[in-house]
Undergrad: 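Before I ask anything, let me first share the structure, which is written out below as structure tokens.
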Amino acid sequence: MEKILDIITAKMQAAFEAAGYDASFGRVNVSNRPDLCEYQCNGALAAAKQYKCAPIQIANAVVAQLDASDYDMVEAVMPGFINLKLSGSFLEKYLEEMRTAEDFGVAKIGAGKTIVVDYGGANVAKPLHIGHLRPAIIGEAMKRLYKFLGYNTIGDVHLGDWGLQMGLIIAELQERQPDLPYFDPDFTGDYPAESPFTLSELEEIYPTASGKKKDPEFAEKAHTATYELQQGRRGYRAIWDHIMRISLADLHRVYDALDVHFEKWLGESDADPYIPAMVEDLKNRGLAILSEGAWVVPVAEETDKKEVPPMILVKSDGSAIYATTDLATLVQRTQDWNPDKVLYVTDKRQNLHFEQVFRAARKSGIVKETCELEHIGFGTMNGKDGKPFKTRDGGVLRLEQLVKDMTDFVRSKVVENKIVDESEVEATTQKIALAALKYGDLSNQPTKDYNFDLERFAAFEGNTGPYILYTIVRIKSIIGKYGEYKHLPIQAPANAYAKDLMLSITKFGPAMESALKSSAPNLICAYIYDLAGCVNKFYHETRILGEENEELKAGYIALIGLAKDILETCINLLGFSAPDKM
Ligand code: ARG
């Protein structure tokens, strides 16, 4: 559907033209004085300079050309503004079209395009920690938003499954159980199907091994094991398979609980086969050069304000690094999916890394010329006091623990306030906790740091996830008392609150589009908060179920029904859903 601003701009431009002025002056904006009007056009002020006459004269002439039935109010005011209030019939028609269109008539700007969203970034064999919350939540929301706006979306978790952590585990396991067949270079039989360690053992083995990195002898062994694994040593590959299977099952479980789902579970190891040919090619084409024994791709540009060092492709010891893998992953993605865009969601400390990789990918034509590469570098989640988030003993908090803390807190509120029957406590708690956690995060601008505040995020009032859920649940309950609503047509606004609500509803499509274009899920939150506020105002000021005029009542229900459907669509984009009761 065409956006309201575009519709009324087109009409305004026609009016400028009909009045004898250039159409380009007819741009309409959302009013910055909502007390005076809903929309405004300031074009007469600019036109006055060109036509050398008083702006108010132009504004008056233009107003005379507008179709009055579109507006409750249209006036030229000094020195030459044109102020507009839309008419009830205009809004009625527009919302009815939204109501009956697919996805409320949102413009499918991504039709025919493919985007890969690289988010999550879990590392195999290491438990997810709180640093993995934001990439999961922001990435999932962005992916859903892209999908909603018509893109073909592929979410890829891009596992860290090929690095030193694997060598550390292998080396540690060898010290503990040297007689296992995996370590016997002459072994040619089948390795045991069962893993030599359980998940909880693995969770102990890795940190223990990691703690021994300072021991040069052990570190040497771990590096060698990593190297041999990457070279394809059979026994190490078999250990790697065990680690992957155990660890992935656990990662699936934690991501599922967060309602975060990946289409692809590829990892650094999947990029590995692409590295040799890519490196050869970059060398042959002179794009990679030797520098102090390492092969690097210079990526500095003349316009750089800060120094952008070359991307290291192959270290002087012959090994590939993080950037090499990311570049090779782009080779794989281009070959398999030919994306129009690749979006990465990681900590902003990786800004330079991605800048280097993107430049190298462009320079070398690894991605097609029209492929857009974007990195959302998000800020840090700190504790309530604004200090880095730490466990009581100074360690890193596990993601699962954070989710559990939030869930426990919400559960105690649900139980205490007797919100639902006992049998529904758990399901309702899960929904509210997820909303609190995700909305608390997503309502912040992604690039900014924010403080994690359990109580504030879980509050039922204020700009929080639970407040949004509560609003939805309240509408659901009114509608539940009324009955079927999906067939009811929208009516012209019956009062000022209905009109505000209708105006808010018209902004749905534009809000989703700007959230996508600015990579800002917080704009979805801001939109929802506004819409929820408008519904609640309308509800407080209007007798809905008590309305005696059935016709009017049906119109009210149609309106709040549409608002509810849009709110539910929005929270689904953010990655959570509403319970039936709250
Ligand atoms: N595993 C990485 C880490 O823990 C994040 C991966 C992000 N994605 C990427 N394509 N580099 O830091």
Side-chain angles (χ1 to χ4, degrees), residues 115-140 142-143 153-169 206-207 210 226 230 240 243-244 247-248 250-251 254-255 258 260 262-272 274-275 278 299 311-313 320-337 339 341-362 366-367 371-381 389 396-399 446 519:
I115 178 173
V116 177
V117 186
D118 179 315
Y119 69 109
N123 297 312
V124 168
K126 303 185 201 172
L128 291 167
H129 58 78
I130 52 154
H132 291 109
L133 182 71
R134 301 206 78 194
I137 292 184
I138 298 171
E140 181 76 15
M142 286 309 298
K143 187 183 76 181
T153 49
I154 303 173
D156 183 1
V157 64
H158 198 72
L159 296 168
D161 61 355
W162 208 227
L164 180 63
Q165 84 261 35
M166 296 298 184
L168 285 163
I169 294 168
Y206 171 71
S210 183
T226 310
Q230 294 179 353
W240 183 84
I243 300 176
M244 287 296 279
S247 189
L248 278 180
D250 192 50
L251 290 175
V254 182
Y255 280 129
L258 281 173
V260 168
F262 303 95
E263 284 69 31
K264 300 285 170 190
W265 285 78
L266 297 180
E268 296 179 349
S269 65
D270 294 289
D272 192 63
Y274 296 87
I275 291 178
M278 177 186 80
V299 290
M311 191 202 100
I312 299 176
L313 189 66
I321 63 162
Y322 188 51
T324 326
T325 307
D326 265 325
L327 203 56
T329 302
L330 279 173
V331 175
Q332 174 267 319
R333 287 172 177 166
T334 299
Q335 181 185 301
D336 294 348
W337 307 319
K341 176 160 184 171
V342 184
L343 174 67
Y344 297 81
V345 184
T346 81
D347 194 296
K348 67 182 168 200
R349 282 172 294 195
Q350 298 197 32
N351 284 356
L352 177 62
H353 161 75
F354 283 107
E355 185 61 47
Q356 292 173 309
V357 171
F358 292 174
R359 288 183 181 194
R362 293 224 163 287
I366 282 177
V367 291
C371 177
E372 195 186 329
L373 298 169
E374 184 186 338
H375 173 227
I376 300 181
F378 54 77
T380 312
M381 178 180 90
F389 217 115
V396 187
L397 192 67
R398 286 175 72 142
L399 181 53
S519 293

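Both counts, for ligands and for their atoms, begin at 1 and track the order of listing. Residue indices begin at 1 and follow the sequence shown.
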Undergrad: Ring-plane angle category for Y255 and F262, please: parallel below 30°, perpendicular beyond 60°, tilted otherwise.
TA: perpendicular

Undergrad: By number and element, which atoms of ligand 1 are closer than 4.0 Å to a non-hydrogen atom of Q350?
TA: 12 (O)

Undergrad: Are more than 12 heavy atoms, taken from residues, nucleotides or ligands other than R349, located less than 6.0 Å from that residue's CZ atom?
TA: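 No - once you tally the heavy atoms of other residues, nucleotides and ligands closer than 6.0 Å, there are 12 at most.
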
Undergrad: Using distance alone, determine whether N123 and ligand 1 share an N or O pair under 3.5 Å.
TA: yes

Undergrad: Before giving the answer on side-chain contact (heavy atoms from CB on, under 4.5 Å), spell out for L373 and F354 the whole-Å C-alpha distance, their side-chain angles and the decisive distance to 0.1 Å.
TA: CA-CA 9 Å; L373 298 169; F354 283 107; over 6 Å; no

Undergrad: Say you draw a straight line from CD1 of I130 to CG of L397; how long is it, rounded to the nearest 0.5 Å?
TA: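 So the gap between those two atoms works out to 5.5 Å.
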
Undergrad: Determine, using ring centers only, whether F358 and H375 are less than 6.0 Å apart.
TA: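 No; F358 has its ring centre 6.0 Å or more from that of H375.
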
Undergrad: Indicate yes or no: does an N/O atom of Y322 lie under 3.5 Å from an N/O atom of ligand 1?
TA: yes

Undergrad: Using modelled atom types and a 3.5 Å cut-off, is there a donor and acceptor pairing between side-chain atoms of W240 and backbone atoms of D161?
TA: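 A pair under 3.5 Å: yes.
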
Undergrad: Which value, rounded to the nearest 0.5 Å, describes the distance between H353 atom NE2 and T346 atom OG1?
TA: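 Output value for this atom pair is 7.5 Å.
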
Undergrad: Answer yes or no: does an N/O atom from D118 fall short of 3.5 Å to an N/O atom of ligand 1?
TA: yes

Undergrad: Pull out every atom of ligand 1 sitting under 4.0 Å from any heavy atom of Y344, numbered as shown with elements.
TA: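 Selected atoms, number and element: 10 (N).
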
Undergrad: Pull out every atom of ligand 1 sitting under 4.0 Å from any heavy atom of T346, numbered as shown with elements.
TA: 7 (C)

Undergrad: Any atoms of ligand 1 less than 4.0 Å from a non-hydrogen atom of F354? List them with their elements.
TA: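 Counting atoms of ligand 1 from 1, those under 4.0 Å from F354 are 9 (C), 11 (N).
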
Undergrad: Does D326 reach ligand 1 with a nitrogen or oxygen that is under 3.5 Å from one of the ligand's nitrogen or oxygen atoms?
TA: yes

Undergrad: Can an N or O of A122 be found at a distance shorter than 3.5 Å from an N or O of ligand 1?
TA: no

